[in-house]
K.L.:
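Input: one structure, supplied below.
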There are 2 protein chains.
Amino acid sequence: MTRARKHILDILTSSEVPLSAQDIEQRKTIEMNSVTVYRTLHYLEAHEYCDSFPLTCSEHGTERYYSAVHHRTDGTCDHHHWFHCIECHQFIDLGTCRIDELIAGYEKELSVSVVGHSLSLTGVCARCLQTRDHSGNREHQGPPQAEG
Amino acid sequence: MTRARKHILDILTSSEVPLSAQDIEQRKTIEMNSVTVYRTLHYLEAHEYCDSFPLTCSEHGTERYYSAVHHRTDGTCDHHHWFHCIECHQFIDLGTCRIDELIAGYEKELSVSVVGHSLSLTGVCARCLQTRDHSGNREHQGPPQAEG
DNA sequence: CCAGAAAATGCAAGTCATTTGCATTTTCTT
DNA sequence: AAGAAAATGCAAATGACTTGCATTTTCTGG
């Protein structure tokens, strides 16, 4: 692990939400070319340090988001999925993947071997729903507590 | 519905697999600018004539794929998900969405309103698995029957 | 059926995330 | 520490997709 790789992995590990390459560029505290950010993300994903998925939103367009993978004591990966609010553009953690059985079912049904999957939900978060209720359509509020 | 829109919707409706903007350009039989293809796909999706999801594969990179939505007699949409083979790059229909309940659970748990979702599986299809078994790693075969 | 307005389309250029080639620097191996 | 291998920076390219604007088609009221 080089310095750059350690640094980006640290950023991912300490983030509570998935980050795009651009998010990482903003958060990095050491000099690093943006090409290196992309290459590092590829490296981390190939080596199972992180997961990624593509998401399209009105504010950021289509981008790939990365999140650190937590390995369990038995060596398996704790793979998460995410909800993305179409109003405030925050991510909400949906916790550990709950479609393993569904996938196992498809594998059996179709005689395929599933190697990867991508699931993401979009909609309106509790906070934005509340804002709507209380006030018709005001301006969107900022992030819930700080930056995600 | 203009001529262009009807034509693209026809292409989507008669395809058994999701198509990218480029796939559609290849299949169209009337003159149409590629910008129009994109705008038409936006129109069709906004009006619930089709669904889309982004997918990344080694052969085509990251692209958005579109498939016609079938409306049931009760007016609801018959939303499907897809498996994509990382070797032959064919799609396999996973049938009607089976995660509605899971999503309803998340909505309740997190007090969010889910407006959309994207799920896709990647892996090796039955045919490619078989080719592997029978012959070590030969060249990949062509499409199953014709063009998908 | 026709005029005028509204919407759709074509064309050219632009945007933007991401990738690539190649030279230089850093890291690893012996 | 030397040499090879891998990583990084820089500049330019790629490729999906979007935008602005002029022209054409479609729709609506008369």
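Letters go in sequence order (proteins before strands), and every chain restarts at 1. What you see below is based on every heavy atom in this structure, not just the backbone, and it leaves out hydrogens, waters and symmetry mates.
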K.L.:
Between dA8(C), dA16(D), dG9(D), which one does the side chain of Q22(B) approach most closely?
P.N.:
dA16(D)
K.L.:
Rounded to whole angstroms, how far apart are CD on E31(B) and P on dT24(D)?
P.N.:
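Taking CD of E31(B) and P of dT24(D), I get 16 Å after rounding.
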K.L.:
Using whole Å, what does the distance between atom C1' of nucleotide dT18(C) and atom CD of E45(A) come to?
P.N.:
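These atoms are roughly 14 Å apart.
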K.L.:
Answer yes or no: is there a side-chain heavy-atom contact under 4.5 Å between D23(A) and Y65(A)?
P.N.:
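A side-chain contact exists here, since the closest heavy-atom pair is under 4.5 Å.
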K.L.:
If you assign Y43(A) and R64(B) each to the DNA chain D nucleotide with the nearest heavy atom, which residue ends up on the more 5' nucleotide?
P.N.:
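In this pair, the answer is Y43(A).
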K.L.:
Can you tell which of dA8(C), dG9(D), dG10(C) lies closest to the side chain of M32(B)?
P.N.:
dG10(C)
K.L.:
Nearest-Å distance, CG (L44(A)) to P (dA6(D))?
P.N.:
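Checked: the CG to P distance equals 18 Å.
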K.L.:
Expressed in angstrom and rounded to an integer, what is the separation of I8(B) atom CD1 from dA8(C) atom P?
P.N.:
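The distance from CD1 of I8(B) to P of dA8(C) comes to 14 Å, rounded to the nearest Å.
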K.L.:
Among dT9(C), dT8(D), dT19(D), which nucleotide sits nearest the side chain of V35(B)?
P.N.:
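Given the options dT9(C), dT8(D), dT19(D), the side chain of V35(B) is closest to dT19(D).
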K.L.:
Decide whether D78(B) and T96(B) meet the rule of one side-chain donor and one side-chain acceptor closer than 3.5 Å.
P.N.:
yes
K.L.:
Return whichever of Y66(B) or T2(B) has its heavy-atom-nearest nucleotide of DNA chain D closer to the 5' end.
P.N.:
Y66(B)
K.L.:
Report the distance from atom OH of Y65(A) to atom C1' of dT18(C), rounded to the nearest whole Å.
P.N.:
14 Å
K.L.:
Pick the closest DNA chain C nucleotide for M1(A) and for S20(A) by heavy atoms, then say which residue is nearer the 5' end.
P.N.:
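Between the two, 5'-proximity favours S20(A).
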K.L.:
Could you state the atom-to-atom distance from CD1 of I30(A) to C1' of dT26(C) in whole Å?
P.N.:
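Going from CD1 in I30(A) over to C1' in dT26(C) covers 13 Å.
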K.L.:
Return no unless some side-chain N or O of H42(A) is found under 4.0 Å from OP1 or OP2 of dT18(C).
P.N.:
no
K.L.:
If the test is side chain to side chain contact (heavy atoms under 4.5 Å, CB included), which one of E16(B), H80(B), H81(B) qualifies with D93(B)?
P.N.:
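Result: among E16(B), H80(B), H81(B), H80(B) is the only option passing the side chain to side chain contact (heavy atoms under 4.5 Å, CB included) with D93(B).
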K.L.:
Please determine whether the number of non-hydrogen atoms from other residues, nucleotides or ligands lying under 6.0 Å from atom CD of E31(A) exceeds 12.
P.N.:
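Not buried by this count: 12 neighbours or fewer within 6.0 Å.
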K.L.:
Tell me which nucleotide among dT18(D), dA17(C), dT9(C) gets nearest to the side chain of Y38(A).
P.N.:
dA17(C)
K.L.:
Rounded off to whole Å, could you give me the NZ-to-P distance for the K6(B) and dA8(C) pair?
P.N.:
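To the nearest whole Å, that distance equals 13 Å.
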K.L.:
Please determine whether a side-chain nitrogen or oxygen atom of N33(A) lies at a distance below 4.0 Å from atom OP1 or OP2 of dC10(D).
P.N.:
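Yes, N33(A) has a side-chain N/O under 4.0 Å of OP1/OP2 on dC10(D).
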K.L.:
Could you check which of dT8(D), dA17(C), dA8(C) has an atom nearest any side-chain atom of R39(A)?
P.N.:
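Among dT8(D), dA17(C), dA8(C), the one nearest the side chain of R39(A) is dT8(D).
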K.L.:
Between E45(B) and S52(B) (side chain of the first, backbone of the second, donor and acceptor by atom type, cut-off under 3.5 Å), is there such a pair?
P.N.:
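At least one qualifying donor-acceptor pair exists.
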K.L.:
Round to a whole Å and report the spacing from CG of L55(A) to C1' of dA17(C).
P.N.:
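To the nearest whole Å, that distance equals 14 Å.
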